[in-house]
Amino acid sequence: MTHLWIRAESRPNEERVGITPEGVKALNDKGFRVTIEESDTRAVPLSGYVDAGAEVAREGSWPDAPHDAIIYGLKELPDDGTPLPHRHIMFGHAYKGQSAGARLLKRFAAGGGTLYDLEYLLDADGRRVAAFGYWAGYAGAAVSVLAWAAQARGDICPPVSTWANSDAMLTDLRAALAGGGPANAMVIGALGRVGTGASDLCAALDIPVTGWDMAETAHGGPFPEVLEHALFFNCILARPGCPVFVPENAVTAPRKLRVIGDIACDPQSDFSPVKVYTHETDWQTPVVRVADNPVLDVMAIDNLPSLLPLESSLDFAGQMLPWLATLDSIDAGVWGRAKAIFDEHKPEEKA
């Protein structure tokens, strides 16, 4: 029997979940066993999962789960160095040279477990089958707009926290822009899910958008047009061959650019297309100021969809359910491809 174990998220400010009670019922009806950990912060109440037939486990008890259980979560595990013997479904952020990712892969090597990285669940044509991208784009654009509004007041972006829904978010943004909004914004990656979310947020606030995608960036740069916009949203994942959109010298170049929303947010990758900062930001400090005259702030929060935890969870869970239902054939299809990618990256020897 396939046993899916839904772990509680341990990261602060993480309320999302990758399956709904309706999804649990569908898996139970298919003959799966489903266990869900208790959580005081999950956006979807535990009672719905219990009513759907899930067993309940103590929060954080996944290391003691049966060896054959498949552990399903979203964000990173506690970085405690312990070996990982289970099969884990999660965002590992481990294949692009990140230091934390290297440690994670060593833990899998030490324990004999497997990472099925959600970023690398791919269909036969190499396209991702599920992503939080739309809501990352939407929320990332929102925080960047708040940063621009704070600059207009001679301030810096204040801490952010979850919104009940996107309508509540827009209400707050319109209040922040009561004195007028930014002249324009540029979105690179405009045709993808992330770029669509960022563009939709701007449209809701009547901010004109220049939308670029592969056709406009195929020449490889430089891209002086980026500096002619008040806001720039990078919605392109860092991969080999990705051009640089904002070089290091942008901080001293003549520019209208005031806020960079690096929504793809991979500053530690060698392939990052935004070269003016080196570390992620967070909810308490949403931007890092990289220039003062004129001001330039970078927003680089790496769990943006968590700002809209319920809407983003429902969307992602709906995308994931058809693939979770195939876990009884974990060696084939999207799971087999994810395992092959893990095998290409895992260390040769156990740590």
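Nothing fancy with the numbering, it's 1 onward along the sequence.
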What distance separates Ile330 CD1 from Lys339 NZ, expressed to the nearest 0.5 Å? 9.5 Å
side-chain hydrogen bond (donor to acceptor under 3.5 Å, both in side chains) partner of Asp302, chosen from Arg11, His93, Lys75: Arg11
Working for side chain to side chain contact (heavy atoms under 4.5 Å, CB included), residues Phe316 and Leu74: CA-CA 11 Å; Phe316 186 77; Leu74 297 178; 3.9 Å; yes
Determine whether Leu27 and Ile19 satisfy the following criterion, side chain to side chain contact (heavy atoms under 4.5 Å, CB included), listing intermediate values before the conclusion. CA-CA 10 Å; Leu27 295 183; Ile19 190 169; 3.7 Å; yes
Asp80, CG atom: more than 12 neighbouring heavy atoms under 6.0 Å: yes
How long is the straight-line distance from CZ of Arg33 back to CH2 of Trp5, given to the nearest 0.5 Å? 7.5 Å
For Phe32 and Ala325 the tightest heavy-atom approach is CZ-O, 3.6 Å
Path from Met320 to Tyr134 over hydrophobic side-chain contacts below 4.5 Å: no
Side-chain donor or acceptor of Arg255 paired with backbone N/O of Leu257 under 3.5 Å: yes
Distance, nearest 0.5 Å, that separates CH2 of Trp283 from CG of Asn303: 5.5 Å
Count the heavy atoms belonging to other residues, nucleotides or ligands that lie under 6.0 Å from CD of Gln284, then report whether that count exceeds 12. no
Donor-acceptor check, side chain of Asp123 to backbone of Gly126, threshold 3.5 angstrom: yes or no? yes
For the backbone of Val295 and the side chain of Gln151, can you confirm whether one donor and one acceptor N or O come within less than 3.5 Å of each other? no
Quick one, Leu115 and His345 - any side-chain contact, counting heavy atoms below 4.5 Å? no
Mind checking whether Arg58 and Asp64 have side chains closer than 4.5 Å, heavy atoms only? yes
Rounded to the nearest 0.5 Å, what separation is found between the CG atom of Asn13 and the OG1 atom of Thr162? 8.0 Å
Taking all atoms of both residues into account, what is the closest heavy-atom pair of Gly180 and Trp148, and its distance? O-CZ3, 3.4 Å
Are more than 12 heavy atoms from other residues, nucleotides or ligands located less than 6.0 Å from atom NE2 of His67? no
With a 3.5 Å cut-off and no angle check, do the side chains of Thr326 and Trp335 form a donor-acceptor pair? yes
Transitive ILVMFWY side-chain link Leu227 to Val274, under 4.5 Å: yes
Under a 3.5 Å cutoff, is there a donor and acceptor pairing between the side chains of Ser306 and Arg16? yes
Side-chain (Asp117) to main-chain (Gly92) donor-acceptor, under 3.5 angstrom: yes
Say whether, by atom type as modelled, one donor and one acceptor occur between the side chain of Asn165 and the main chain of Asp167 under 3.5 angstrom. yes
Do you reckon Phe223 sits in the same ILVMFWY cluster as Tyr277, going by side-chain contacts under 4.5 Å, direct or chained? yes
What do you reckon, is NZ of Lys25 surrounded by more than 12 foreign heavy atoms closer than 6.0 Å? no
Heavy atoms, side chains only, cut-off 4.5 Å: are Glu38 and Val56 in contact? yes
Does Gln268 offer a backbone N or O that forms a donor-acceptor pair with the side chain of Ser272 under 3.5 Å? no
Do you know the tightest heavy-atom contact between Tyr49 and Pro21? CE2-N, 3.6 Å
Would a 4.5 Å heavy-atom cut-off, applied to side chains only, mark Arg107 and Thr82 as touching? yes
Just wondering, do Leu122 and Arg128 contact through their side chains at under 4.5 Å, heavy atoms? yes
Would you call Asp343 and Thr114 a side-chain contact if the rule is heavy atoms closer than 4.5 Å? no
When you measure from the side chain of Glu37 to the backbone of Ser61, do you find a donor-acceptor pair of N or O atoms at a distance under 3.5 Å? yes
A quick test of your reading: do over 12 heavy atoms of other residues, nucleotides or ligands sit less than 6.0 Å from NZ of Lys256? no
To the nearest 0.5 Å, atom CG of Leu191 lies from atom OG1 of Thr196 at 7.0 Å
Going by heavy atoms in the side chains, are Phe342 and Leu105 under 4.5 Å from each other? yes
For Glu248, does the CD atom have more than 12 heavy-atom neighbours from other residues, nucleotides or ligands under 6.0 Å away? no
Using every non-hydrogen atom in the two residues, find where Phe233 and Gly140 come nearest and quote the distance to one decimal. CE2-O, 4.4 Å
Before you tell me yes or no, could you show the steps for Tyr138 and Met169 under side chain to side chain contact (heavy atoms under 4.5 Å, CB included), namely the whole-Å CA-CA distance, both residues' side-chain angles and the distance that decides it to 0.1 Å? CA-CA 10 Å; Tyr138 199 94; Met169 173 183 275; 3.9 Å; yes
For the side-chain contact (heavy atoms from CB on, under 4.5 Å) test, which of Asp297, Ile301, Val143 pairs with Thr281? Ile301
Starting from Met186, can I reach Ile263 by hopping between I/L/V/M/F/W/Y residues whose side chains sit under 4.5 Å apart? no
Please step through side chain to side chain contact (heavy atoms under 4.5 Å, CB included) for the pair Leu237 and Asp266, ending with a clear verdict. CA-CA 8 Å; Leu237 286 174; Asp266 212 350; over 6 Å; no
Verify, without hydrogens or angle tests, whether Asn234 (side chain) and Ile236 (backbone) share a donor-acceptor contact under 3.5 angstrom. yes
Which heavy-atom pair separates Ala204 from Leu170 by the least distance, and what is that distance? CB-CD2, 3.8 Å
Is the shortest side-chain heavy-atom distance between Arg239 and Phe271 below 4.5 Å? no
Could you tell me which non-hydrogen atom of Ala238 sits nearest to which non-hydrogen atom of Pro273, and how far apart they are? CB-CD, 4.4 Å
Flag yes if Tyr116 and Ile71 sit in one hydrophobic cluster, no otherwise; membership is Ile, Leu, Val, Met, Phe, Trp, Tyr, and two members link when side-chain heavy atoms are under 4.5 Å apart. no
Assess, by modelled atom type and distance only, whether the side chains of Thr210 and Glu225 contain a donor and an acceptor separated by less than 3.5 Å. no
Find the distance between CD (Glu9) and CD (Glu59) and round it off to the nearest 0.5 Å. 10.0 Å
